[in-house]
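When a ligand or atom number is given, it counts from 1 through the structure's own listing order.
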Amino acid sequence: MARILMCPPEHYGIEYEINPWMNTQRQADHALAAEQWSRLRDLLESLGATIEQLTPVAGLPDLVFTANAGMIHGDRVILSRFRHPQRQGEEAVDAAWFSENGFQVERLPEEHFFEGAGDALFCGSTLFGGYHIRSDAAAQQEVGRLVGCRVLPLELVDPYYYHLDTCFCPLTPTAAVWFPHAFDEYGRRVIRAEIPELIEVQEDEARSFACNAVVVGSDVVTNTGCPDLHRQLKAAGFTPHETPLSEFVKAGGSAKCLTLRLDGEEAATW
Ligand code: ARG
């Protein structure tokens, strides 16, 4: 059964700007954010997932984006090291939750930046590691060394798609959703060579965070506004679901960012 970590948006808001989506003049509607978050949680529960909750902390508005807490591998977690000081306070909160909940917490050397499942996604036994904007390429190699897997670092070239999970979503060990424009020529070649079944997202839907999907079995949950992706998912045998997440898009996040799969994703074969 899928186990997912989420953090209620009690202290969520647009309090700083660390990606092009964020504008402190365009504040999130707090009541609406709370409602959208609850709807996402309820939908995931209705698909059979167990939701675990991280207690929100005042002054850490982006703690809701639990995908960035770390990268899970079995009962180990490689803790994130955030690039921006505004998010570095989350590391201690995440570490405490993981160790209280039975995970072995592992840290990268201090010189690395690494933003967890936001930038590190397994497709099969290979780890696809986004780098340049948040995580660095050397950190991805170090993660691969720690868990003993092959890493394919992928450079992210568009600041709107600053985390790998904003432009790439493994569905199964052989299938993924992606937005090619967010990668350089080499990255596009790597993805095409490695993943046999690719579903391509168009720009307007990428901007609605179509790639930021949560996969639970053959169910796939996204923000609203991704009809073409949903049509392609259905044709490929998946069951797409949409739920409104406008208030989180204002921070540069959507469904996937708000979740961390604690038992390993469908697409991971470790
Ligand atoms: N405001 C957050 C940031 O810029 C959003 C993080 C979204 N998380 C994700 N996994 N893409 O860091």
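Here E35 pairs with L32, R39 under the side-chain contact (heavy atoms from CB on, under 4.5 Å) rule; sequence neighbours left out.
Within 4.0 Å of ligand 1, heavy atoms belong to protein residues I18, N19, M22, D62, F65, A67, N68, R87, G118, R134, Y162, H163, D165, T166, A251, G252, C257.
Checked against the 6.0 Å centroid criterion, the rings of H181 and F179 qualify as a close aromatic pair.
Between the side chain of T66 and the main chain of L5, a donor-acceptor pair closer than 3.5 Å is present.
Between E142 and E111 the shortest side-chain heavy-atom distance does not fall below 4.5 Å.
Residue pairs meeting the ring-ring contact (aromatic ring centres under 6.0 Å, His included) criterion with at least one partner in residues 26-65, sequence neighbours excluded, do not occur; the list is empty. Residue pairs satisfying the side-chain hydrogen bond (donor to acceptor under 3.5 Å, both in side chains) criterion with at least one member in residues 43-61, sequence neighbours excluded, are listed as follows: R3-E52.
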